[in-house]
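Worksheet for the structure shown next.
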Amino acid sequence: MMQMWAIIVDSFREAKAKKLFWVLLAISTLVALALSCIGFDENGFSFFYGAIKVQNGIYQTGTQAAEQFFGAIVSNFLVGTYIGWVGIIICLIGTVGMFPSLIETGAVDVVVSKPLTRSVLFFSRYIGSLAFVLAQATYFVVLTLLVLRWQMGRWLWGYLWAIPLLVLSFSYIYCVCVLAAVWTRRTLVSLVCGLFFWVILFGVASTEQFVGTNESDGSGNVVIKYSMRGSIGKVVYVLHQILPKPSDIPVILGRETNALGSREFVEAIAPNDPDVLSPGRVHQLDVEQLRAEAVSPSRSIGSSLAFEAVVLVFACVIFSRRDF
Amino acid sequence: MVELTEMTNWAVDLIGVRKRYRGGVDALRGVNIQVGQGEIFGLLGPNGAGKTTLVKIMMTVIRPTHALGTILGRPIGNSRKLARIGYLPESHRFPSYLTGAQLLDYYAALARVPRKVRKLRTGELLERMGMDKWANTTISKYSKGMMQRLGLAQALMNDPDLIVLDEPTDGVDPMGRRDIRELLLDFKKQGKTVLINSHLLGELEMVCDRVSILVDGLVARQGTLKELTEQSKEYRVMVGGDLTSMDAEIRGLGGKITTGGVMLRGHDSQQVNALIDLLRQNGRLIESVEKRRFSLEDVFVKAMASATSASRESAPKAKKVNP
């Protein structure tokens with residue numbers, strides 16, 4: 001336990017020594033500040049704590065649009081964009097060098113000659129890398145939670161789920177970076193492999209949605225049927241079941257934060273606008289919402305973690321059997 | 001494959017250590033090395049001889065293709081015994097974001113040294129290495145010599161029974177080298193066993209009890225310094241005048257004419273007396289007789305030469321490759 005703790009602390013120190021650690025904290029602070037400087041009054045909305053005022057008939061203090069505005073920001077920006085992929089990319093850049101630096105010639109010799117098994121060293125280092133992401137995610141989520149409390153007047157406790165879910169989502173991609181790192185010992189190759197894997201996951205998830213069919217149940221409601229269309233459809237379906245599903249994470253988090261659905265979100269930002277809410281657009285939004293509702297958190301996270309475990313065990317075997 | 005042999009009194013007892021890298025390159029071809037408890041043992045050899053590979057096998061950094069033997073009485077890689085070994089690798093790279101004190105604490109924690117002991121020993125060792133003022137400075141600001149002293153300190157944090165040092169004086173100035181030599185002799189007084197891998201023969205000669213010369217993945221010579229240098233000794237008889245007319249007779253006694261005299265290899269004093277008699281019978285004036293013992297460098301060069309000629313005749317050479 002003493003050895004594990006030492007490695008985890010050292011990994012965190014390594015991450016903290018990089019400028020990126022502080023840059024990421026600064027970005028998180030800026031996002032929270034940007035969120036805090038938006039406000040509403042009787043005539044419309046304002047920026048920079050009232051310095052710039054914009055007259056608007058919809059977004060005013062007390063209107064439903066204004067109330068739903070921050071909910072929309074949580075579901076669309078904080079969850080969908082920042083936590084969904086911007087944060088993950090930055091964390092990947094910040095941690096991708098951790099395994100290559102561990103197994104660098106001259107550095108690895110001292111560590112592997114200590115009385116600890118290589119598997120303990122490997123998994124402790126992995127946990128140490130995740131500790132970096134955990135620290136960043138905690139800072140960002142807690143800060144934005146406080147801002148949302150100030151702006152919305154209520155605590156959005158479900159939003160705290162963003163901390164473990166961001167770490168989880170990051171780990172889906174990071175495990176592949178680690179495998180590439182122990183195999184090739186190169187940071188850049190490791191990062192490229194991780195990003196390429198992410199693109200594959202995105203491609204499989206998108207294709208899987210494409211091969212699924214959206215049908216009307218006769219009463220005007222949309223029903224999704226994941227019937228297979230030929231062999232490609234079967235392959236994509238199987239791949240989607242096996243591979244990690246980072247795109248499900250914002251959906252799962254959205255539920256925990258009671259974030260607005262696709263249609264509700266559009267209705268919130270453009271209420272009573274017939275051009276935006278055309279029948280075709282409404283149908284599309286309903287399909288998106290239904291797909292989101294079809295995501296099973298336990299199945300999605302369970303299958304993703306199973307894949308991650310297999311990749312990590314494989315990487316650990318390579319690490320343990322390698323000559324340095 | 002690592003197997004356990006019978007318990008021995010050797011601190012290090014390696015038998016038939018072989019390492020074949022991918023591609024069929026043999027770095028070690030059956031090395032047998034014994035290091036006695038409490039002695040300072042030197043590992044010598046040219047670049048690519050397999051010295052670092054052997055040290056890395058001992059420290060579990062590299063897996064052997066085959067190895068019998070024990071380290072501190074247990075099979076190679078035994079976790080409990082690794083905790084009793086201190087290791088300074090060649091060309092080490094320590095995490096530059098740590099301070100000297102943090103680095104020592106980190107490596108000692110990996111060696112299962114309790115927190116209280118770590119704190120105590122960190123201060124002691126930094127002071128002993130003359131680095132106590134640098135304890136809280138990040139090591140990215142350290143000079144190469146300071147890094148080497150810090151490396152030595154980390155190898156001692158667990159108060160080891162066996163200390164394995166790969167090129168310990170690399171990058172260290174003459175004063176620092178002297179300090180390290182004194183440190184090694186201190187270890188010996190404390191009953192600790194030291195194995196040093198170094199290119200600096202003169203330095204090894206000053207501290208080592210026994211040495212092993214590794215050439216092409218095999219042990220070419222092994223023994224105490226006295227044993228190795230006694231085997232190779234020469235007499236130089238300085239004589240006035242030209243000796244070419246006596247060449248055949250001198251050769252008959254095993255001598256060789258050199259500039260200003262005759263050189264006689266071996267340690268038979270009767271042979272020297274016979275040579276002196278021969279020279280005096282021929283009216284030559286003996287100016288001086290000098291008995292010269294070979295240095296470790298001479299033994300090393302000789303071992304290298306004989307091993308090279310032997311390998312030319314038989315097996316293909318072992319080459320060092322990066323794993």
Side-chain angles (χ1 to χ4, degrees), chain A residues 1-22 94-95 97-125 128-129 132 182-187 317-324, chain B residues 19-22 27 52-53 55-65 77-99 102-103 105-115 118 138 140 147 150-151 154-155 157-158 160 164 166 321-323:
Chain A
M1 200 62 199
M2 180 207 297
Q3 294 166 315
M4 276 189 78
W5 181 246
I7 296 165
I8 291 168
V9 169
D10 176 66
S11 305
F12 190 75
R13 275 182 180 148
E14 183 178 342
K16 202 159 67 76
K18 290 178 183 164
K19 281 181 186 162
L20 199 68
F21 181 88
W22 304 103
T95 53
M98 288 217 172
F99 272 85
S101 70
L102 173 73
I103 57 181
E104 201 177 13
T105 307
V108 70
D109 304 48
V110 184
V111 183
V112 298
S113 66
K114 300 295 180 194
L116 77 163
T117 62
R118 288 197 185 182
S119 53
V120 169
L121 175 60
F122 177 88
F123 284 108
S124 304
R125 186 72 168 175
S129 306
F132 165 83
V182 294
W183 204 326
T184 66
R185 301 172 84 165
R186 293 174 198 275
T187 304
V317 168
I318 293 174
F319 180 75
S320 301
R321 298 182 64 85
R322 182 160 197 162
D323 287 342
F324 291 108
Chain B
K19 177 62 187 178
R20 173 169 284 189
Y21 286 115
R22 279 183 198 170
T52 296
T53 300
V55 167
K56 285 189 172 186
I57 285 173
M58 286 173 61
M59 300 311 303
T60 70
V61 180
I62 288 178
R63 293 151 56 89
T65 306
N78 178 273
S79 183
R80 198 186 298 171
K81 289 301 172 185
L82 276 175
R84 304 302 312 140
I85 304 175
Y87 173 48
L88 172 68
E90 184 189 16
S91 310
H92 49 73
R93 274 191 204 180
F94 295 137
S96 58
Y97 48 88
L98 295 179
T99 64
Q102 283 173 338
L103 182 117
D105 185 76
Y106 170 50
Y107 285 139
L110 296 186
R112 296 183 191 151
V113 179
R115 182 190 286 266
R118 292 202 308 258
T138 52
S140 58
M147 291 285 268
L150 188 70
Q154 69 79 25
M157 279 297 285
N158 54 339
V164 180
D166 201 347
V321 291
N322 289 323

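Proteins get letters first, then strands, A, B, ... in listed order; numbering begins at 1 in each.
Side-chain atoms of Tyr97(B) and Asp10(A) form a donor-acceptor pair, as typed in the model, at a separation below 3.5 Å.
Proximity to chain B (any heavy atom under 4.5 Å) is restricted, for Arg118(A), to the side chain, taken from C-beta onward. Using a 4.5 Å cut-off between heavy atoms, Thr60(B) contacts chain A through both its backbone and its side chain. Only the side chain of Glu104(A) comes within less than 4.5 Å of a heavy atom in chain B; its backbone stays farther off. Using a 4.5 Å cut-off between heavy atoms, Ile7(A) contacts chain B through both its backbone and its side chain. Within the 4.5 angstrom heavy-atom criterion, only side-chain atoms of Lys19(B), from C-beta onward, approach chain A. Of the atoms belonging to Ile85(B), not a single heavy atom falls under 4.5 Å from chain A.
Taking both residues in full, the closest heavy atoms of Val113(B) and Met2(A) are given as O-SD, 3.5 Å, listed atom of the first, atom of the second, then distance.
With chain A as partner, the option from Arg80(B), Met58(B), Arg63(B) having the largest number of non-hydrogen pairs under 4.5 angstrom is Arg63(B). Note on Pro89(B), Ser96(B), Ala155(B): by heavy-atom pairs under 4.5 Å with chain A, the leading option is Pro89(B). Ranked by heavy-atom pairs shorter than 4.5 Å toward chain A, the options Gly86(B), Gly151(B), Ala111(B), Pro114(B) are led by Ala111(B). The residue among Tyr106(B), Phe94(B), Tyr87(B) with the most heavy atom pairs within less than 4.5 Å of chain A is Tyr106(B).
Other residues, nucleotides and ligands contribute at most 12 non-hydrogen atoms within 6.0 Å of the CZ atom of Arg93(B).
Put simply, the side chain of Glu14(A) does not reach to within 4.5 Å of the side chain of Pro95(B), judged on heavy atoms.
To the nearest 0.5 Å, the span separating CG on Leu82(B) from NZ on Lys114(A) amounts to 9.5 Å.
Of residues 105-113 of chain A, those residues lying under 4.5 Å from chain B by any heavy-atom pair are Thr105(A), Gly106(A), Ala107(A), Asp109(A), Val110(A), Val111(A), Val112(A), Ser113(A).
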